[in-house]
Engineer: 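Here you go, one structure.
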There are 2 protein chains.
Amino acid sequence: MPTRYDGALRDVIDAFSSLPGIGPKGAQRIAFHLLGADEESVNNLAQSIVRLKTSVRFCQICGNVCETSPCIICVDPRRDKTVICTVQEPKDIMSVEKTGEYRGLYHVLGGAINPMANVGPSDLRIADLLNRLRGEEGRQVKEIILALNPDIEGEATATYMARLLGDTGIKITRLAYGLPVGSDLEYADEITLGRALAGRQEM
Amino acid sequence: MPTRYDGALRDVIDAFSSLPGIGPKGAQRIAFHLLGADEESVNNLAQSIVRLKTSVRFCQICGNVCETSPCIICVDPRRDKTVICTVQEPKDIMSVEKTGEYRGLYHVLGGAINPMANVGPSDLRIADLLNRLRGEEGRQVKEIILALNPDIEGEATATYMARLLGDTGIKITRLAYGLPVGSDLEYADEITLGRALAGRQEM
């Protein structure tokens with residue numbers, strides 16, 4: 001016997017190993033779990049994967065994932081159309097929604113500027129945002145929030161966009177840097193603590 | 001927008017979350033990875049899952065996973081038919097095969113005795129092993145290695161089987177306990193170190 005699995009078992013282990021966050025051991029564990037699972041739940045899994053590709057698309061306006069385009073946020077009359085929150089990925093929209101603090105619109109860039117990975121401004125949905133601002137609805141926009149990741153790529157993208165949007169007259173803001181709630185000063189890294197100091201607020 | 005995903009995206013996240021070792025965040029990450037992946041690899045994944053259930057079965061002799069029953073180990077004329085290595089799960093066969101130190105046959109129990117989970121001897125393939133030993137090929141067996149997990153359930157199962165097989169005249173052995181190769185005495189727990197001392201070997 002070779003020291004690797006063969007046939008269908010190998011295929012399923014290989015397929016799962018190629019997913020993010022799943023190593024060969026995890027994939028093997030999943031494969032044996034599926035072997036022991038009932039037929040229905042296994043078919044559900046396979047079908048949900050196929051349906052994902054056929055029924056989920058991206059909103060033509062904001063780039064969010066949706067089953068109808070425009071997405072339910074873009075067409076919702078109760079959303080505040082004067083604010084657009086710009087995020088890197090569709091999943092970031094869910095994170096902002098979960099705060100319950102935001103009622104405006106979104107715009108998904110599809111990543112961040114990253115010269116090392118050959119991602120430039122033209123690879124992101126920045127031109128789409130500019131077009132959107134020129135449209136009828138877009139002219140109501142008074143504020144663009146840059147909710148990008150607090151890392152080098154997010155920073156670079158925010159700086160680039162702030163400069164690009166600087167002469168539109170729209171207020172450009174970004175998320176506050178500071179200490180995570182529930183954390184401890186002792187464990188804050190010096191850069192975060194420095195930002196928290198610089199951004200200190202009067203009580 | 002609800003603060004949960006909807007439709008096909010929710011289905012795929014739910015389906016992946018139910019797999020071992022994948023939490024909701026990991027499932028979300030995988031779902032977005034699949035959304036961005038090319039059609040072919042996504043279909044491959046779905047098909048491999050479906051094929052797993054249709055083409056993988058269990059060897060009627062040893063209980064190993066296989067696409068043909070008896071499995072390729074049981075029918076391999078080069079394997080030593082006088083030794084049977086008893087393991088808990090089919091994946092343990094792969095672990096033993098990878099050592100390159102074993103050329104005998106296997107027998108998969110399908111678990112270990114665990115009163116807390118209501119698993120008794122009759123839920124394991126122990127009767128199958130006894131039948132196998134009574135058969136023509138089985139009468140050649142001179143040694144049964146109990147390669148069970150070094151935990152309470154594995155111990156209990158090994159003790160039970162050693163007693164059960166005691167009067168067959170077959171030699172019953174089990175894997176050595178001791179220090180893992182490449183580890184450090186300092187980090188060995190006292191039970192393992194105690195076993196390593198008790199099982200010390202002359203050099």
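These values consider heavy atoms only, across backbone and side chains, with no hydrogens, waters or symmetry-generated copies. If you're wondering where the values come from, they're calculated on a predicted model, not measured in any experiment.
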Engineer: Looking at every non-hydrogen atom in both residues, tell me the closest pair between A/Pro90 and B/Tyr5 and how far apart they are.
Structural biologist: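 Looking at all heavy atoms of both residues, the shortest contact is O-OH, 4.4 Å.
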Engineer: Could you tell me which residues in residues 17-25 of chain B have at least one non-hydrogen atom under 4.5 Å from a non-hydrogen atom of chain A, sorted by residue number?
Structural biologist: B/Ser18, B/Leu19, B/Pro20, B/Gly21, B/Ile22
Engineer: Between chain B and each of A/Ile13, A/Val12, A/Asp14, A/Leu9, count heavy-atom pairs under 4.5 Å; write down the option with the most.
Structural biologist: A/Val12
Engineer: Could you have a look at B/Gln28, B/His33, B/Arg57, B/Glu89 and say which one has the most heavy-atom pairs with chain A under 4.5 angstrom?
Structural biologist: B/His33
Engineer: For the CG atom on B/Leu197, are there more than 12 heavy atoms of other groups (residues, nucleotides or ligands in this structure) within a distance under 6.0 Å?
Structural biologist: yes
Engineer: Heavy-atom count around B/Ile152 CD1 within 6.0 Å, excluding the residue itself: above 12?
Structural biologist: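 Count not over threshold, so no.
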Engineer: Specify which of A/Cys66, A/Gly26, A/Ala37 makes the most heavy-atom pairs with chain B at under 4.5 Å.
Structural biologist: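 Among A/Cys66, A/Gly26, A/Ala37, the one with the most close pairs to chain B is A/Ala37.
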Engineer: Would you please go through residues 39-56 of chain B and name the residues with a non-hydrogen atom below 4.5 Å from one of chain A, in numerical order?
Structural biologist: B/Glu39, B/Val42, B/Asn43, B/Leu45, B/Ala46, B/Ser48, B/Ile49, B/Val50, B/Arg51, B/Leu52, B/Lys53, B/Ser55, B/Val56
Engineer: Mind ranking A/Ser95, A/Gly7, A/Ala15, A/Ala8 by heavy-atom pairs under 4.5 Å with chain B and telling me who comes out on top?
Structural biologist: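 Winner by heavy-atom pair count: A/Ala8.
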